[in-house]
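To keep things clear, I will list the structure first and then write my remarks on it.
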Amino acid sequence: RMLDVNHGGDVHKLISHLADDEIEEAQLLAHNLSGAASMLCLTSLYEAASALEIHLGNPGIEKHSIILEESISKVQRELTEVLADIARIK
């Protein structure tokens, strides 16, 4: 439940940060999500969020690049899947 409360809206926040050219804030959000996923042994989400964090740390990254969009989509898919799994357990 805490994952949903603390990170359920992270992808929307991340997209908002990118729209506002707040790359460092978006990178921190990805970092925090990967840390939470790591602590909960959610390997696929951890890997997706970590990859996104790395992409965001690339000084030449463009906020509309295909690599970045694919990375965000992967994080969204993994997070949605994890949250759905948690909801089924309740």
Side-chain angles (χ1 to χ4, degrees):
R1 175 93 177 115
M2 292 306 293
L3 183 70
D4 187 14
V5 170
N6 293 331
H7 297 284
D10 279 3
V11 173
H12 296 291
K13 291 176 191 173
L14 190 137
I15 291 169
S16 178
H17 284 310
L18 290 174
D20 293 338
D21 290 323
E22 298 170 341
I23 305 297
E24 289 180 13
E25 288 84 351
Q27 186 179 17
L28 180 60
L29 203 61
H31 173 79
N32 290 340
L33 179 57
S34 70
S38 174
M39 288 177 34
L40 296 170
C41 299
L42 301 170
T43 306
S44 295
L45 179 57
Y46 165 76
E47 289 172 353
S50 294
L52 177 58
E53 179 185 2
I54 290 168
H55 291 310
L56 290 166
N58 180 345
I61 194 72
E62 294 182 25
K63 65 180 181 180
H64 296 293
S65 73
I66 292 173
I67 291 172
L68 188 55
E69 289 177 9
E70 288 175 352
S71 189
I72 292 168
S73 292
K74 180 150 178 86
V75 169
Q76 179 66 61
R77 282 191 307 273
E78 295 298 335
L79 183 56
T80 299
E81 184 176 320
V82 165
L83 294 177
D85 289 344
I86 290 170
R88 281 192 287 274
I89 294 171
K90 291 183 186 178

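All values reported here derive from a predicted model rather than from experimental measurement. Any value given below was found using the heavy atoms of this structure, including those in side chains, with hydrogens, waters and symmetry copies removed.
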Inset, instruction - Measure across A36 and L3 and return the closest heavy-atom pair with its distance rounded to 0.1 Å. - result: CB-CD1, 4.3 Å

Inset, instruction - Report yes if some heavy atom in the side chain of L29 is under 4.5 Å from a heavy atom in the side chain of E25; otherwise report no. - result: no

Legend entry - Nearest heavy atoms of L79 and G8, plus distance in Å: CD2-O, 4.1 Å

Inset, instruction - May I ask you to check whether over 12 heavy atoms, not counting those of L40, lie within 6.0 Å of atom CG? - result: yes

Inset, instruction - Treat each ILVMFWY residue as a node, draw an edge where side-chain heavy atoms are under 4.5 Å apart, and state whether V75 and L28 are in one component. - result: no

Inset, instruction - Output yes when a side-chain donor or acceptor of S73 lies under 3.5 Å from a complementary backbone atom of E69, and no otherwise. - result: yes

Legend entry - Within-4.5 Å side-chain heavy-atom neighbours: E78 and L42: no

Legend entry - Gap between atom CD of E81 and atom CG of L83 - 0.5 Å precision: 10.5 Å

Legend entry - Atom of H55, atom of I67 and distance for their closest heavy-atom approach: CE1-CG2, 3.3 Å

Legend entry - pair L68-L18: side-chain heavy atoms closer than 4.5 Å: yes

Legend entry - Test item: side-chain donor near acceptor, T80 and Q76, under 3.5 Å: yes

Inset, instruction - Identify the two heavy atoms, one from I23 and one from L56, that lie closest to each other, and give their separation to 0.1 Å. - result: CG2-O, 3.5 Å

Legend entry - Least distance between heavy atoms, A26 atom then L14 atom: O-CD1, 3.7 Å

Legend entry - Closest approach of S34 to S50 (non-hydrogen atoms, all atoms of both residues): CB-OG, 3.5 Å

Legend entry - Side-chain heavy atoms of T43 within contact of E47, under 4.5 Å: yes

Legend entry - From NE2 (H31) to CD1 (I54), nearest 0.5 Å: 12.0 Å

